[in-house]
Chemist: 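First the structure, which I've put down as structure tokens, then a few questions once you've had a look.
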Amino acid sequence: MRAVWAAAIVVASIFLASAQGVGRRVIDGFVAPSTAAFTRSTMDLAASVEALCDKPGDETLSASRTAFASALDDWGRVSVLRFGPLAADGRFEKLFFWPDARGIGLKQVQGLLAANQPGEISAGMAGKSAALQGFPALEFTLYGAGSEKLAMDEPWRCSVASAIASNIAAIAATVAREWDAGTPFAASFREPGEGKEPYRTEAEVHGEIVKALTTALQFVRSAELVPPLGEAPEKANGKRAPMWRSRLTVPLIAAQLDGVRQLLAAAGYEQSLPEDSRYVASSIRFELDNAIRTLAQVDGPVELTFGTEPDRGRFVFAELALHHASEVVTRDLSAALGLTMGFDALDGD
Amino acid sequence: MEIDRRTFLSLVGAAAVAPAGVLAADEQLYLAARARGGRHEVAVLDARGVDRLVLPIEDRGHSFAIDPVRRTAVAFARAPGRYAVGFDIEGKGLPQPLVAAPGRHFFGHGIFSADGRLMFASENDYEAGRGVTGIYDVDKGFARLGEFDCGGIGPHDVVLMPDGRTACVANGGILTHPDYDKLKLNIDTMSPSLAYLDLASGDIVEQVALPKELHKLSIRHLVVDAHGAVWFGCQHEGEASDRPPLVGRHRRGREAELFAGPPDLLRRMDNYVGSVSVDASGEVVAISSPLGGLVAFWDAATGRYLGEQSMADVCGVAPLKPGHVLGTTGRGAINDMSPWGRAEIVEESVANPAWDNHLRRV
């Protein structure tokens, strides 16, 4: 009996030793590079749109759209960090007001574009409704009905686009700054301890990571894949997918899933979990790989592909893979990390 | 999203009375939803945790509307629930299914009118994005008579006030739509409130909001104390490190008051209250925190903090005796809890049912 206990204690301490510093690994391996890339590409985006307004033309419009796609790609990765700096001050919603079940964003951005009153945006977008502040609003401005006129001379619409792009860049910079080493938040994530806020123990950091993984997977499924799929092919509606106007739906989702994959890899669970639990981390990665690979095969325009084979089947497959990944995270990864997730605590109402 | 009506009815028909003997006249009974071996049930149990009636249900249940006089209850599915089931607490007669009206789903809570003739349920008019209180005629097989606007988004718990004619609705403020699972769609513009509805006219006779900076504090669960004040438990949808007070009291005609409790309590509660109850005297308020694994107690009259008891994954709380509540956990335990102590009635065990969020006394 004593030998069993001793063995159990050894296993536990080996695990704890190698699991120490998960916050540091996540910051160095994922947070720092992804927030830095996001800061850079959103600054480029703001500069591109400004250049478009200065010199409207096909080339500058096309450059702005390219910059948009690139910033959105980085957003996809960063969006997985929906806690701390990105959750503070409603920043996630400001950057990405989605899902927008009632089309509030579209109404507001159309209203703003119709207003044509420079006073409306002279103080920037920061004080405006969240639906006007981020990528969905900018997407409509750059790709929606009437956007082709940006290549000619459409100063009002362009200044709206520019204000939104600058706002996105400002929020991205703030998020990166608040993850910087000096802040109490980052310090406690990197090295949790008594008296620190918000993280006092390694377990709390692990808990935050697990929650971030499940939140991101649930978001992709419930906000981005399931609504456009509908219950049956005839109920499919690709216009309920995010970023269908820019045809960036699939790249966005792939970037988000890549973010999940990178967060998981940075946490190092495939190496640090007790040997008999490592399969948990690898099976999550396996499902993510499958979903990303399958989505890459989607080749039709999103307005249509959710309802027509073979693309519909690809979306369905990806959704199922993510559903499974999500279950493995909630059930098995939590258990492997020794996090107790109660029936009542897990999913409150 | 549509439920399979045939499956539903066959499940309802399978209600089983547990062989627990004759009911003593003054015996206290409790209602709770639970999960057992992957199946979902509604149970009537006594204060010792013994089953008196078990009703299999199709999906995870939540809370109940209870008519203690006619011994009738309605069990609601967890939001976004499409069904509810009316049943006799003593197992007489067949359970009656209620299916949500088109474009509506249940939020999991409801009440009976004082005379037991009407039942009111918190519901989501999800295309319009507004909360309603559905009105049902109990004697006509729970036929839906109509609905009242309850003055907010995401109405959750509802209680009948001591005057017997006013309901207090917790408008949690969180917009959801069944097409989007449980995603919260309006965190930036949330505006939770307590709304007092005149049940005869549907008029909102009083509405109370929290201070503006607390607009992300969703008011969710309610209980009326011995003095007629409404105590509420909240969950915070804003920044995790904000940790605002989660417990409040409202007395008609006044501002709402918030109670933070001792230092560190809010940290352990982690921005979430599971259930709210009073003791049997209505003088002690009990707030459960499944995340913190604790029940915290306040003195209803003075708002003084009385203490806490730990219990892993505790959520259901209901009046037991003066000073005491019965507490249930997701791990199958049932405890007698008071500000001064805790006694195990049923030990936690994986063999026991996992008790869901709410325990309600008949």
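Chain A is the first sequence line, chain B the second, and so forth, proteins listed ahead of strands; every chain is numbered from 1. Hydrogens, waters and symmetry mates play no part in the numbers below; they use all other heavy atoms, side chains included.
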Chemist: For chain B, which of A:Gly84, A:Gly90, A:Pro198 has the most heavy-atom pairs under 4.5 Å?
Modeler: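 Between A:Gly84, A:Gly90, A:Pro198, the count favours A:Pro198.
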Chemist: Select one option (side chain, backbone, both, neither) describing which atoms of A:Tyr199 are under 4.5 Å from chain B's heavy atoms.
Modeler: backbone
Chemist: More than 12 non-hydrogen atoms from neighbouring residues, nucleotides or ligands closer than 6.0 Å to CD on A:Glu191, yes or no?
Modeler: no
Chemist: Whether A:Arg240 and B:Asp179 form a salt bridge (side-chain N of Lys/Arg under 4.0 Å from carboxylate O of Asp/Glu) is what I want to check.
Modeler: yes
Chemist: Name the member of B:Glu127, B:His358, B:Arg243 that forms the most heavy-atom pairs with chain A at distances under 4.5 Å.
Modeler: B:Arg243
Chemist: Please report the interatomic distance CG(B:Asn186) to CZ(A:Phe97), rounded to the nearest 0.5 Å.
Modeler: 8.0 Å
Chemist: Between B:Ala354 and chain A, with a heavy-atom cut-off of 4.5 Å, which part of the residue counts as in contact: side chain, backbone, both or neither?
Modeler: both
Chemist: Taking the side chain as every heavy atom from C-beta outward, state whether B:Leu183 and A:Gln218 have any pair of such atoms under 4.5 Å apart.
Modeler: yes
Chemist: With respect to chain B, which residue among A:Gly230, A:Pro227, A:Ala223 yields the maximal number of heavy-atom pairs within a distance under 4.5 Å?
Modeler: A:Pro227
Chemist: Other residues, nucleotides and ligands only: do more than 12 of their heavy atoms fall within 6.0 Å of CZ on B:Arg39?
Modeler: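 Count not over threshold, so no.
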Chemist: I'd like to know which of B:Gly274, B:Ala312, B:Gly330 tops the heavy-atom pair count under 4.5 Å against chain A.
Modeler: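 Sorted descending by pairs with chain A, the first entry is B:Gly330.
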Chemist: Contact part of A:Phe83 toward chain B, heavy-atom cut-off under 4.5 Å: side chain, backbone, both or neither?
Modeler: neither
Chemist: If you count heavy-atom pairs within less than 4.5 Å of chain A, which of B:Ala128, B:Gly108, B:Ala35, B:Ser275 leads?
Modeler: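 Going by pairs under 4.5 Å, I would pick B:Ala128.
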Chemist: Can you say whether B:Asp157 sits under 4.5 Å from chain A via the side chain, the backbone, both, or neither, judging by heavy atoms?
Modeler: neither
Chemist: When rounded to the nearest 0.5 angstrom, what is the spacing between CG in B:Leu185 and CG in A:Asp100?
Modeler: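 Reported value, rounded in 0.5 Å steps: 8.5 Å.
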Chemist: Please look at A:Arg200 and chain B and tell me whether the side chain, the backbone, both or neither of the residue comes under 4.5 angstrom of a heavy atom of that chain.
Modeler: both
Chemist: Pick one of side chain, backbone, both or neither for A:Glu204, based on which atoms fall under 4.5 Å of a heavy atom in chain B.
Modeler: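 Contact with chain B involves the side chain of A:Glu204 alone.
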Chemist: Considering all heavy atoms of both residues, which atom of A:Ser222 and which atom of B:Tyr180 are nearest to each other, and what is their separation?
Modeler: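 Shortest heavy-atom contact: O-CD2, 3.6 Å.
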Chemist: Where is the tightest heavy-atom contact between B:Arg267 and A:Glu197, given as atom of each residue plus distance?
Modeler: NE-OE2, 3.4 Å
Chemist: Select one option (side chain, backbone, both, neither) describing which atoms of B:Ser289 are under 4.5 Å from chain A's heavy atoms.
Modeler: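 Nothing of B:Ser289, per the 4.5 Å heavy-atom cut-off to chain A.
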Chemist: Which residue out of B:Phe107, B:Trp355, B:Tyr126 racks up the most heavy-atom pairs below 4.5 Å with chain A?
Modeler: B:Trp355
Chemist: Mark yes when over 12 heavy atoms from residues, nucleotides or ligands other than A:Lys196 sit less than 6.0 Å from its NZ; otherwise mark no.
Modeler: yes
Chemist: Can you check side-chain contact (heavy atoms from CB on, under 4.5 Å) on A:Lys94 and B:Asp188, steps first, answer last?
Modeler: CA-CA 9 Å; A:Lys94 288 174 181 173; B:Asp188 60 316; over 6 Å; no
Chemist: Just wondering, do B:Glu239 and A:Asp89 contact through their side chains at under 4.5 Å, heavy atoms?
Modeler: no
